[in-house]
Novice: 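Quick one: the structure is below, questions incoming.
Side chains are part of it too, since the values below use all heavy atoms of this structure and drop only hydrogens, waters and symmetry mates. By convention in this document, chain letters (A, B, ...) are assigned in the order of the sequence lines, proteins followed by strands, and residues within each chain are numbered from 1.
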There are 2 protein chains.
Amino acid sequence: MPRIASPSSARTRERVLPEHARLHNLVLVLRSLFHGGAMSRADLARATGLTRVTTSGLIAELIGEGIVVEKGTRASAGPGKPAVLVDLDRVGLQVVALDLSGADEYHGALMDLRGAVIARRRVRRESEESSSQAQAAVVGLARDLVQAADSRLLGVGVGSPGVISEDGVVLEAPNIGWEGVPLRQLLQDELGVPVVVGNDANAAAQAEYTLGETEPDLLLIRVGRGVGAGLLIRGMLVTGTHHAAGEIGHVPVGEDAPDAPSCACGNIGCLEAWISVPRLTAALHREGADREAILRGAGARLGTVLAPVVSMLNLSDVVVAASPTLFGDIFLDAAGENLRSHTLGRSHAEVRMRVPAESEEIVLRGALVMVLSSELGIS
Amino acid sequence: MPRIASPSSARTRERVLPEHARLHNLVLVLRSLFHGGAMSRADLARATGLTRVTTSGLIAELIGEGIVVEKGTRASAGPGKPAVLVDLDRVGLQVVALDLSGADEYHGALMDLRGAVIARRRVRRESEESSSQAQAAVVGLARDLVQAADSRLLGVGVGSPGVISEDGVVLEAPNIGWEGVPLRQLLQDELGVPVVVGNDANAAAQAEYTLGETEPDLLLIRVGRGVGAGLLIRGMLVTGTHHAAGEIGHVPVGEDAPDAPSCACGNIGCLEAWISVPRLTAALHREGADREAILRGAGARLGTVLAPVVSMLNLSDVVVAASPTLFGDIFLDAAGENLRSHTLGRSHAEVRMRVPAESEEIVLRGALVMVLSSELGIS
DNA sequence: CCTGCTTTGTAAGGCATACTTACAAACATG
DNA sequence: CATGTTTGTAAGTATGCCTTACAAAGCAGG
């Protein structure tokens, strides 16, 4: 069962052989099926531009690999031979998804390609966990879910906080206490299935893009213990020169304000110090706190930091994935207002700020998408 | 003479046929030649991974089209049959490049592929020029230079201020008074050669990337009458949802400062109001002005605006293309200091701020690169 | 009911592309 | 001067998509 080309390998600066063309076209068929749903070979041919003959050949290969299945004939809607529907095996293929970004637990699920959860596990994080203890906990969680699979397992996807290299090495994740942990290799050796590891905010952005209906340029902000962001440009993840794209928690904002908070990093007025969940919660519990004013203020700080980014990238879609109790309409409206007032100029920029659907599961869904992308080329 | 595939057409979501593969490999050969200089067919085969046989075939086609020429045998450096060097016809192929971003003139040049200027023309802009007068002036400038070509002309590249769509329509360019001018189509109809039109800052960024030795992620800031930026991520231009990426002139910064300037757009503290050439010049000529303090202050404003962008994208290379008399070391150091102090956190970010080589000609060189990219796939 | 039309899916043969193998040409070196 | 090395090309093979042709299976109208 050869791994289908990832889209990045198609955009590469390397020579193209006939077999590469076929891989590209296979991915094209898979994408069409994933986003278009069950359809006939003839439908697929029209969707991809390939001929019926070629499409049939590709589908035959995919059926042979167990990725695509026939779904019976379509209730005929006109003249002609009735079509046989084919589709991705959305329930027969399974993926293990891990979300390591929780404040006090590791969360994982066994899912099918629809994102339906077949099994779920949570592992509490110990308060003073060592790096290797954390690794053992994550490996155990993954193994448990891999063993729960009762059908073909495509792979394991992991969304982790921190800075993560392209080959799945966690370069630094202070929240977990990791530094230079080759998590992907480690899990793959332990489990014997393909593993892909990525930053949690990046995973969430990919989930929103692939599973939702969004612009190809998409910014997703995640607020938890820290503040992180995932950014897609033309559907492609922006990783940055040192894999640290999206690390905006320590940009100072309003650092001259009288109430500017000091940050754990030593600076004053870091975005994280204004709006992270612990800091915001603490501010709200202070004596005589004006809840709405505090939330509005926090939202405004986020808007101010995002304004240059949104202007520079000409974004129109900003998603805030965070606990809705804190980051609800008050916060979001303030952020949006401030963002718009700071980006107006003569631009047509109509920035939309919104909350993602099912934000609770968004990192798990992102981990699923990462596997779909690396194993099947779907994005 | 078929137009060679642009790299963007290779990354498309369309089916791949054998001929597309060949086009891709042709581009690969051209890129290797462009960046590697004259070499033998065998060298090229090693550089691209293609076989000598295939490489010879591709080169034969390129020689047939007059894009590549043989440059004689190499002074032998070892045993074996001496190699015949081939190279892009760097002096026999010409390009017309236009820079419309000047404050009081349109500037154009006939160049060879090395960027050497063969002919140069400047057209003064009238102070109260209408849209159609400006169009006529640009068409005349282009025609003049096209007629000056004494060898094969690859095409015409235009770097223009303003917001420009992918198909070369100037959606809005307040400085020139254009709105919805289909400049690419217009010039192509008039001149009968391929034309490509792009934003001036984007052109400059492409010049720096393709002609210099930079990271694939690159931000270039242009300061003139306004402030604009060109951004490359993985060597690909970021255009934004409405083609307005890089329009950062009207992001407010330090708007609460006592000396915050008001902007023509009606807001207060727009970046452009702090650092644009006219505004900065005016500030320096004010009674009792402290030149260094003003320049440092302006630089700091730029650094503050860029900090969220640099953090979000994890950039390491920021280029400032502007008049060196105003935007020299004082300005640049202040910008860099402020940028670093606003992005430090725990990131390894070593942001380098620098001035491009030959910044006077950078838009012309960018226009050249745009033609190379669209006609030959070189980037 | 039957013929004709439409659509689906497959089979056979052709074209394009890159690869492998083989070889001639030209030069350096011992 | 023979040998080995490198370059560049020729001939044949493998892969992949295309075009053309056709069987299968249904609807529609006479």
Novice: Would you mind reading off the distance between B/L17 atom CG and D/dT19 atom C1', rounded to a whole angstrom?
Specialist: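 Atom CG in B/L17 sits about 13 Å away from atom C1' in D/dT19.
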Novice: For residues 35-49 of chain A, which residues have at least one heavy atom under 4.0 Å from DNA chain D?
Specialist: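 By residue number: none to list.
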Novice: Out of curiosity, A/T239 OG1 to A/N199 CG, how far, rounded to the nearest 0.5 Å?
Specialist: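 Rounded to the nearest 0.5 Å, the OG1-CG separation comes out at 11.0 Å.
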Novice: Would you say D/dC18 has OP1 or OP2 under 4.0 Å from some side-chain N or O of B/R15?
Specialist: yes
Novice: Just to verify, what does B/D317 make a salt bridge (Lys or Arg N to Asp or Glu O under 4.0 Å) with, not counting sequence neighbours?
Specialist: B/R352, B/R354
Novice: Apply side chain to side chain donor-acceptor pair (under 3.5 Å) to B/T241 and list each qualifying residue two or more places apart in sequence or on a separate chain.
Specialist: A/S316
Novice: Provide, to the nearest angstrom, the distance between the CZ atom belonging to B/R52 and the C1' atom belonging to D/dT5.
Specialist: 11 Å
Novice: Would you say A/R74 and A/D43 make side-chain contact, with heavy atoms under 4.5 Å?
Specialist: yes
Novice: Going by the salt bridge (charged side-chain N to carboxylate O under 4.0 Å, His left out) test, which pairs reach into residues 48-59 of chain B, not counting sequence neighbours?
Specialist: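 Found none.
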Novice: Below 4.0 angstrom, which residues in residues 79-87 of chain A have at least one non-hydrogen atom near DNA chain C?
Specialist: A/P79, A/G80, A/K81, A/A83, A/V84
Novice: If you pin B/L50 and A/V53 to their nearest nucleotides in DNA chain C, which one's is more 5'?
Specialist: A/V53
Novice: Take the protein atom CD of A/E19 and the nucleotide atom C1' of D/dG16, then report the distance between them rounded to whole Å.
Specialist: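 The distance from CD of A/E19 to C1' of D/dG16 comes to 11 Å, rounded to the nearest Å.
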Novice: Of all residues at least two apart in sequence or in a different chain, which pass the side-chain contact (heavy atoms from CB on, under 4.5 Å) check with A/V371?
Specialist: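 Partners of A/V371 by the side-chain contact (heavy atoms from CB on, under 4.5 Å) criterion, ordered by chain and then number, come out as A/V95, A/L154, A/V196, A/E375.
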Novice: Residues two or more places apart in sequence or in another chain: which of them pass side chain to side chain donor-acceptor pair (under 3.5 Å) with A/S165?
Specialist: A/D167
Novice: 5' to 3' on DNA chain C, which nucleotides open and close the contacts with chain A (atom under 4.0 Å from a heavy atom)?
Specialist: C/dT6 to C/dC19
Novice: What is the separation between atom NE2 on B/H20 and atom C1' on D/dT15, rounded to the nearest whole Å?
Specialist: 17 Å
Novice: Under the rule for salt bridge (Lys or Arg N to Asp or Glu O under 4.0 Å), what residues qualify as partners of A/E358, not counting sequence neighbours?
Specialist: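 Checked A/E358 against salt bridge (Lys or Arg N to Asp or Glu O under 4.0 Å); matches are A/R365.
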Novice: With sequence neighbours left out, what residues match B/E70 under salt bridge (Lys or Arg N to Asp or Glu O under 4.0 Å)?
Specialist: B/R41
Novice: Taking side chain to side chain donor-acceptor pair (under 3.5 Å) as the test, write out the residues that go with B/T55, two or more places apart.
Specialist: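 Partners of B/T55 under the side chain to side chain donor-acceptor pair (under 3.5 Å) test: none.
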Novice: For A/S56, enumerate each residue passing the side chain to side chain donor-acceptor pair (under 3.5 Å) test, keeping only those at least two apart in sequence or located in another chain.
Specialist: none
Novice: Between A/L28 (CG) and D/dG16 (P), how many Å, whole number?
Specialist: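 One finds 16 Å between P of D/dG16 and CG of A/L28, rounded.
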